[in-house]
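Counting starts at 1 for both ligands and their atoms, following the listed order.
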Amino acid sequence: MLSGKTAVVTGGSRGIGKAIALELARQGAKLALVYAGNEAAAEETRAELTSVGAEVKLWRCDISDFEAVKALCKEITAQLGGVDILVNNAGITRDGLVANMKEADFDAVLDTNLKGVFNMTRHLYSNFIRRKSGRIINITSVVGLMGNAGQANYAAAKAGLIGLTKSVARELASRGVTCNAVAPGFIETDMTAQLDEKQRAAYDDMIPMKRLGQPGDVARLVAFLASDAAGYITGEVIRVDGGICM
Ligand code: NDP
């Protein structure tokens, strides 16, 4: 159980992040949810969490902005009295073949999916050092392990995130802080709702379990990694993918 713990979930207002927030709240954690701009989704998630008795605060911030994240982390630690669990979940896609990919689309995905995680970790680093305990959980993707045609920017960011995870794990292990990565396969969220029927059928066919995963499948693993039971696991990458990348 996570009673008495505080958790920051980036991208906690929708999709996988929302399921993570609900699962951590169910286990008793206090929550700070960070979102980019979809106010309505964030308020809906807040209402849902509050209705099940969770304590939750919302922060609107672009995690790719180093200075904005610095101010955000200062504010969150001041208001929550410190952070025990950081879930770096926020992410975007800007798909296209390398031949046609715009520089701005490459940069946007790297800035949010990789630099955004660096920014959050960098500005909560001293919080974790001071507490001499903590959990950092980064949401990567099987695409970071396998590559994917049409997602070079996304795959590069998610592969980079695995290197970042292992480096942070090594830096903070002696301080009692673990850092792990969770690599979902294809999960039913707004992100995968962009797939057309033909693409979806092709994915279903490729997945040994013959279906996309649910956000809760990822959330339950994140809650385990956040718990005391996972205290000796660090620098690990765990797939939740119906077997697509075994
Ligand atoms: P969604 O598109 O459903 O939700 C994305 C969330 O991230 C939203 O809360 C969004 O806020 C937030 N966000 C996006 N950009 C920023 C930013 N610059 N600063 C702060 N918050 C931001 O995504 P999913 O739930 O599908 O994905 C969550 C994570 O899981 C991502 O890292 C994704 O790469 C990864 N993943 C997803 C898979 C899938 O199949 N869905 C598979 C493998 C990995 P707002 O609503 O305000 O825009």
Side-chain angles (χ1 to χ4, degrees), residues 8-23 31-46 48-49 58-69 71-73 76 86-95 107-120 123 137-148 151 153-162 164-165 181-195 199-200 203-204 206-207 211-219 221-222 237-242 244-245:
V8 177
V9 184
T10 67
S13 56
R14 287 194 285 126
I16 294 172
K18 178 180 177 177
I20 292 169
L22 282 163
E23 188 62 31
L31 289 163
L33 306 185
V34 181
Y35 67 102
N38 187 336
E39 209 80 56
E43 285 301 343
E44 198 182 308
T45 298
R46 189 217 301 258
E48 208 171 317
L49 282 158
L58 295 178
W59 270 279
R60 181 176 178 160
C61 177
D62 176 0
I63 58 158
S64 69
D65 182 333
F66 187 83
E67 289 303 325
V69 172
L72 169 82
C73 292
I76 288 178
L86 167 62
V87 185
N88 286 307
N89 162 81
I92 59 167
T93 51
R94 297 279 187 278
D95 296 352
D107 289 347
V109 170
L110 268 288
D111 283 352
T112 298
N113 298 10
L114 183 56
K115 191 181 158 205
V117 178
F118 164 72
N119 289 343
M120 291 298 300
H123 294 304
I137 300 153
N138 296 328
I139 309 301
T140 176
S141 166
V142 291
V143 166
L145 297 167
M146 303 190 296
N148 197 18
Q151 288 198 306
N153 49 359
Y154 185 79
K158 293 300 191 182
L161 184 49
I162 292 173
L164 178 62
T165 300
V182 169
F186 296 95
I187 308 294
E188 286 202 51
T189 68
D190 294 344
M191 199 178 260
T192 44
Q194 298 164 14
L195 299 173
Q199 287 171 312
R200 217 197 132 107
Y203 280 129
D204 282 353
M206 268 168 15
I207 301 166
R211 61 175 174 84
L212 269 66
Q214 295 300 314
D217 294 325
V218 181
L221 174 59
V222 170
V237 184
I238 306 180
R239 296 179 294 107
V240 186
D241 68 349
I244 198 171
C245 184

- Heavy atoms only: give me the nearest L145-A183 pair and the separation to one decimal. CD1-CB, 4.3 Å
- Message: Going by side chain to side chain donor-acceptor pair (under 3.5 Å), name the residues that satisfy it together with Y154, two or more places apart in sequence or in a different chain.
- Response: none
- Residue set satisfying side chain to side chain donor-acceptor pair (under 3.5 Å) with R94, at least two apart, ordered chain then number -> none
- Scanning both residues in full, the closest heavy-atom pair of L164 with F118 reads CD2-N, 3.9 Å
- Task: Please identify each residue that fulfils side chain to side chain donor-acceptor pair (under 3.5 Å) with D241, with sequence neighbours left out.
- Result: R239
- Proximal protein residues to ligand 1, non-hydrogen atoms under 4.0 angstrom: G11, S13, R14, G15, I16, Y35, A36, G37, N38, C61, D62, I63, N89, A90, G91, I92, T112, I139, T140, S141, Y154, K158, P184, G185, F186, I187, T189, D190, M191, T192
- Item | Q199, CD atom: more than 12 neighbouring heavy atoms under 6.0 Å | yes
